[in-house]
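The next block holds one structure in the form of structure tokens; read it before the comments.
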Amino acid sequence: MASPKYLTGDKAAINAFIDQFDTFLFDCDGVLWSGDHVFDGVPETISMLRSRGKRTVFVTNNSTKSRDEYVKKLTNLNIPAEVEDVFGSAYSSAVYISRILDLPPNKRKVFVIGEAGVERELASEGVAFVGGTDERLRRDITPADFQGIADGSLLDPEVGVVLCGLDFHINYLKLAYGLHYLRRGAVFLATNTDSTLPMHHDLFLGAGSVMVPLANATGRQPLELGKPSQAMMDAIEGKFHFDRSRTCMVGDRLNTDIKFGVDGKLGGTLHVETGVDKKEDWEKADAIAVPSFYVDQLSDLRHAA
Ligand code: PLP
Ligand code: CA
């Protein structure tokens, strides 16, 4: 395999790199910003790419926010964007459930473990759901809950899907509902399976760690709908109709972003060193995915010839 090409400081190589693609798919956290801090020069870099006629699409695994909220965040950080420019794992999940999953009419409801972003995107696709941010599930489990969940009297008979995203209020009661819908045959989906969540220069539990109790208790693995799932790539392609050979995925994580681009047979993948994984991670012999290009930071692309 050819080793990744380092672009930082090499004007001619940067120019050739930009000319090679029509569409850039950008991971968000770790590439454009960290938390609420936009990296220096990123808005100018996006604007330079657009002025060279490139399409820029923002592809995030963060399911806690809807596309509308991402548009607000991008715009506040001086990266003007519209809903059509954003593709998130909550939206990807909603599209999969509403347009691809073939469920019987009386089993079309979703039990959500997750935050408001998932609920908003399900609603935008007309998908009915229970659970999620429902305050009634934010408490300790009681003997009556055990009884009612086991005998089914507390379960919604129309639930045919359990969708798991990052939930900051995860507890035994929600997991008990999730388990029993799955035991009754519900389809098991995950918005994304990032094991960790980068916050304050450290790592916390990501969506992929929150759903582990359900996978463990059922012996089943969810179908994941965020990066690196090709279900997400197909959904993005269905919407934007890009030429894969002239599309580049830009990201900081090897097992989500770079693998997403490699598995999707995109023309290229660009790794930035401003997020979770570093150069030494893809240099390892057993690296899960290796990028085709890398820069120290995204704004290094501004210095094209
Ligand atoms: N999931 C959650 C809940 C997050 O907050 C984040 C980053 O903010 C991510 C996933 C990873 O997002 P991205 O794919 O943009 O790096
Ligand atoms: Ca990222």
Side-chain angles (χ1 to χ4, degrees), residues 24-39 42 46 56-67 69-74 76-77 79 81 85-93 112-121 132-133 163-170 189-212 222 224-229 231-233 235-236 248-261 263-264 269-278 281-282 288-289 291 294-295 297-298:
F24 289 88
L25 306 180
F26 288 100
D27 167 56
C28 297
D29 196 74
V31 172
L32 308 177
W33 59 64
S34 171
D36 286 325
H37 165 74
V38 67
F39 297 130
V42 162
I46 301 292
T56 52
V57 181
F58 304 102
V59 184
T60 179
N61 267 2
N62 183 355
S63 70
T64 65
K65 287 192 166 70
S66 59
R67 285 166 301 155
E69 291 169 287
Y70 257 82
V71 167
K72 278 196 200 110
K73 177 164 185 172
L74 284 155
N76 284 340
L77 295 177
I79 306 171
D85 302 326
V86 180
F87 215 98
S89 64
Y91 179 58
S92 174
S93 304
V112 174
I113 291 183
E115 295 290 335
V118 175
E119 297 178 328
R120 287 203 191 98
E121 296 295 16
T133 60
L163 173 61
C164 228
L166 182 55
D167 187 327
F168 294 112
H169 302 87
I170 189 71
L189 303 179
T191 58
N192 62 301
T193 54
D194 296 43
S195 56
T196 52
L197 169 69
M199 297 250 273
H200 298 286
H201 308 291
D202 211 327
L203 296 176
F204 289 80
L205 298 167
S209 298
V210 163
M211 61 86 194
V212 166
E224 60 175 299
L225 293 152
K227 300 167 288 183
S229 164
M232 190 186 213
M233 183 69 84
I236 299 174
C248 181
M249 175 71 208
V250 184
D252 67 305
R253 252 185 135 115
L254 302 180
N255 67 349
T256 54
D257 309 318
I258 303 303
K259 184 165 168 38
F260 183 61
D263 289 356
T269 52
L270 173 68
H271 185 245
V272 297
E273 302 286 313
T274 45
V276 174
D277 289 324
K278 303 285 185 244
D281 295 306
W282 52 253
I288 187 158
Y294 71 109
V295 283
Q297 54 206 340
L298 185 63

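As the structure lists them, so they are numbered: ligands from 1, and atoms in each ligand from 1.
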To make sure I understand the geometry: which N, O or S atom in Asp27 is closest to the Ca ion (ligand 2)? OD2

Taking only residues two or more places apart in sequence, or in another chain, which ones meet Asp194 in a side-chain hydrogen bond (donor to acceptor under 3.5 Å, both in side chains)?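 Asp194: side-chain hydrogen bond (donor to acceptor under 3.5 Å, both in side chains) contacts with Asn61, Asn192.
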
List for me each residue that meets side-chain hydrogen bond (donor to acceptor under 3.5 Å, both in side chains) alongside Asn62, sequence neighbours excluded, and say none if there are none.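 Testing Asn62 for side-chain hydrogen bond (donor to acceptor under 3.5 Å, both in side chains), a comparison that skips the adjacent residues, returns Thr64, Tyr70.
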
Identify all N/O pairs between ligand 1 and the protein with a separation under 3.5 Å and present them as a table of atom names and distances.
{"from": "ligand 1", "atom 1": "5 (O)", "to": "Asn62", "atom 2": "ND2", "distance (Å)": "3.2"}
{"from": "ligand 1", "atom 1": "12 (O)", "to": "Thr60", "atom 2": "OG1", "distance (Å)": "3.4"}
{"from": "ligand 1", "atom 1": "14 (O)", "to": "Asp27", "atom 2": "OD1", "distance (Å)": "2.8"}
{"from": "ligand 1", "atom 1": "14 (O)", "to": "Asn61", "atom 2": "N", "distance (Å)": "2.8"}
{"from": "ligand 1", "atom 1": "14 (O)", "to": "Lys227", "atom 2": "NZ", "distance (Å)": "2.9"}
{"from": "ligand 1", "atom 1": "15 (O)", "to": "Asp27", "atom 2": "OD1", "distance (Å)": "3.2"}
{"from": "ligand 1", "atom 1": "15 (O)", "to": "Cys28", "atom 2": "N", "distance (Å)": "3.4"}
{"from": "ligand 1", "atom 1": "15 (O)", "to": "Asp29", "atom 2": "N", "distance (Å)": "3.0"}
{"from": "ligand 1", "atom 1": "15 (O)", "to": "Thr60", "atom 2": "OG1", "distance (Å)": "2.7"}
{"from": "ligand 1", "atom 1": "16 (O)", "to": "Asp27", "atom 2": "OD1", "distance (Å)": "2.8"}
{"from": "ligand 1", "atom 1": "16 (O)", "to": "Asp29", "atom 2": "O", "distance (Å)": "3.2"}

Heavy atoms from other residues, nucleotides or ligands near NZ of Lys72 exceed 12 (cutoff 6.0 Å): no

Determine the minimum heavy-atom distance between Ala90 and Gly117, stating which atoms define it.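 In terms of heavy atoms, the two residues are closest at CB-O, 3.8 Å.
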
Tell me, please, if Asp257 has any N/O/S atom, main chain or side chain, under 3.0 Å from the Ca ion (ligand 2)?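 Here the distance criterion (N, O or S atom, under 3.0 Å) is not met by Asp257, so no.
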
Using side-chain heavy atoms (C-beta onward) and a distance below 4.5 Å, is Phe26 in contact with Leu32?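 Counting from C-beta outward, Phe26 and Leu32 do come under 4.5 Å.
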
So, using salt bridge (Lys or Arg N to Asp or Glu O under 4.0 Å) as the criterion, who are the partners of Glu119 when residues are at least two apart?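 With neighbours one apart ignored, the set is empty.
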
Assess whether salt bridge (charged side-chain N to carboxylate O under 4.0 Å, His left out) is satisfied between Lys227 and Asp27, documenting all intermediate values. CA-CA 9 Å; Lys227 300 167 288 183; Asp27 167 56; 2.7 Å; yes

Note: O(Asp29)-the Ca ion (ligand 2)-OD1(Asp252) angle, rounded to 10 degrees, equals 90°

